[in-house]
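A short write-up of the structure that comes next.
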Amino acid sequence: MGYLKDLFKEKADLQAKEIKAIIEQHGNKKIEEVTLSQVYQGMRGITGLVTETSLLDSNEGIRFRGYSIPELRERLSKAHDGNEPLPEGLFYLMLIGEIPSAEDVDHISATWARRSHVPNYVFDVIESFPVSAHPMTQFTAAILALQTESKFAKAYNEGINKKEHWAYVYEDTMTLIARLPRVAAYIYRRKYKNGEHIQPDGMLDWASNFAHMLGFEDESFKELMRLYLTIHADHEGGNVSAHATHLVGSALSDPYLSFAAGMTGLAGPLHGLANQEVIRWIEEMCKELNSDEPSKEQIAEYINKTLKEGKVVPGYGHAVLRKTDPRFIAQMEFAKRHCPENAMIKTVWNIYEVAPPILENTGKIKNPWPNVDAHSGALLKNYGLVEEDFYTVMFGVSRALGVLASLCWDRVLGFPIERPKSITTEWVKKFIKQSETVS
Ligand code: CMX
C-alpha cells in the first residue's frame, strides 16, 4: 500500500471510533425540526448528510477542512514558478484532513501522472458520438467506459469482505482522477481542434498537464487552471453533483458509476452548466445591444428583460450562500492581476455592481449575489478557450477531487445505503387533519 493510502486508513480509523462514540452517546439528540415547506421545496436547509471534506457557511462561503479559499491560496503548495495552489494539495487536505508538505503534493502529482494512461476503447466510445454531442454527454459516457476497469467492481464480484471496500474505492478514485484531464482534453481537441490531439507530459503537475493537453502553454493560463481546478472541487455534500455521487455510491456502485451520476447532475443549467449559460447570456446581451462593453444602465435593462421573460439570470443566486461567493472573488482577484482590461471581464464586474439590487428588489430571490459560475467563463475566454459548452467539463474535472475524496470517506466509514423517507400529499393532508384535531 502507498503511504497516502496507509495514512488515510489511519485517520479514518480514528474518525470511525469518534463517530461510533457520538452515535452511542448522542444518537438520539435532535438537531432540528423539519417543516412541510422544506419537504416540498427541495429539502432546502434540512441537515441529512455527513460530508467530511468541506463545510459551507451561508455568509462566509466554503471552507475545506476548516480552511477558507484565501487561506488555501496562501498555504497550499504552489508550482515552483507559480502563485496559485496545486489542486493535488487540496485533494490531500480533503482526504487526510491536514495541509500537505511539498513532498506529499509531489507524490500525488507523480501518482496521477503514472496512472493517467487512458485505454483506446474509451476514445472509441467518444469517437462514436456525433461531434455535435454536448461535451458533458461525451464526458459522462467516457467515464462509464472507464468503469470497465473498476477495481472495486471486480473485487466486489469476487466477494471481498466489506471491511476492504474502501481500499478498492481508493484505488479507483486515484486512477479515475488521474485519467480525467486526458479524457476531457480529448473531447475538447476532437470537438474544436479537428481531432489534433496532444499527448500528456508526465513531468507536469495535474492542472498544467491539463492545460497543455487542451493546447494552452501560456504560464498564466496554467496558473488559472490550478486555481480553477482548486476552487471548483467541493462545496459540501448537498449540492447536486456531490449528493448524486454520494447517493449512487451508497448502493455500492463503484466510483466510476457514482461519479458519472454526479456528472449528469452537474450538466444541469441550475448547477454546473450555469458557467456555459452565463457566457451565452452575456454574449446575447452584447449582440442585442451591439456593444462589447454595455453600460450599467443597459445591463440593468437586460437583467429586467430576462426576469420579465421568466428566465433566471445565470451565475446569480445560490441555495445556501447569502453573500458573494468567495470563489467569484478569487477569480476576480486573479483577473485583476492578469487581465483587467478584458472587455468581457469588465462586463462581468459591471454586472456584479448592477445585478444584486435588481434581484433583491424582486423580493423572492434569496441570494442576489454572484456564484462561482458568474466569473469563470470570462476568464477562460480571455485566454482563448472560447468554446463555452466545454466549460462544465472543466468544472467536472475539478469536482472529481471533492466528491471522490468524499466517496473514499463514505466507504472507509462504512456509511449505509441512503434511503430517506418520502410521503404523498394525501399523507400530508391526513397529517394536517390529525395535528389540528390534537391541538
Ligand atoms: N435569476 C432569476 N430568478 C432567480 C434566480 C436568478 N439568478 N435565483 C433564484 N431565482 C428565483 C427562483 O427561480 C425562485 O423562483 P420561483 O419562486 O418562481 O420558483 C425564487 O427566485 C426563489 O429561489 P431561491 O430560493 O432564491 O433559489 P433556489 O435555492 O431555489 O435556487 C439556484 C438556487 C442557484 C438554482 C438559483 O439561484 C438559480 O437558478 N440561479 C441561476 C442559475 C445558477 O447560477 N446556478 C449555479 C449555482 C451554482 C452551482 O451550483 O454551480
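Atoms within a ligand are numbered from 1 in the order they appear, just like the ligands themselves. From a predicted model like this one, the values you see are computed outputs, not experimental measurements. Position 1 is the first residue of the sequence, and the numbers go up from there.
Aromatic ring orientation, H246 versus H243: tilted (interplanar angle from 30° to 60°). Using bins of under 30°, 30° to 60° and over 60° for the plane-to-plane angle, the ring pair Y188/F216 lands in the tilted bin.
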Pair up each side-chain donor or acceptor in residues 136-144 with any protein partner under 3.5 Å, not counting sequence neighbours, and list the distances.
from : atom 1 : to   : atom 2 : distance (Å)
Q138 : OE1    : R190 : NH1    : 3.0
Q138 : NE2    : A133 : O      : 3.0
T140 : OG1    : M136 : O      : 2.7

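Each of R44, L270, H271, A274, L307, K311, V312, V313, P314, G315, Y316, G317, H318, A319, K364, I365, K366, N371, D373, F395 has a non-hydrogen atom positioned under 4.0 Å from some atom of ligand 1.
Under the side-chain contact (heavy atoms from CB on, under 4.5 Å) criterion, T230 pairs with P85, P87, L90, sequence neighbours left out. S422 is linked by a side-chain contact (heavy atoms from CB on, under 4.5 Å) to nothing, counting only residues two or more places apart in sequence or in another chain.
Between H271 and H235, the distance separating the two ring centers is not shorter than 6.0 angstrom.
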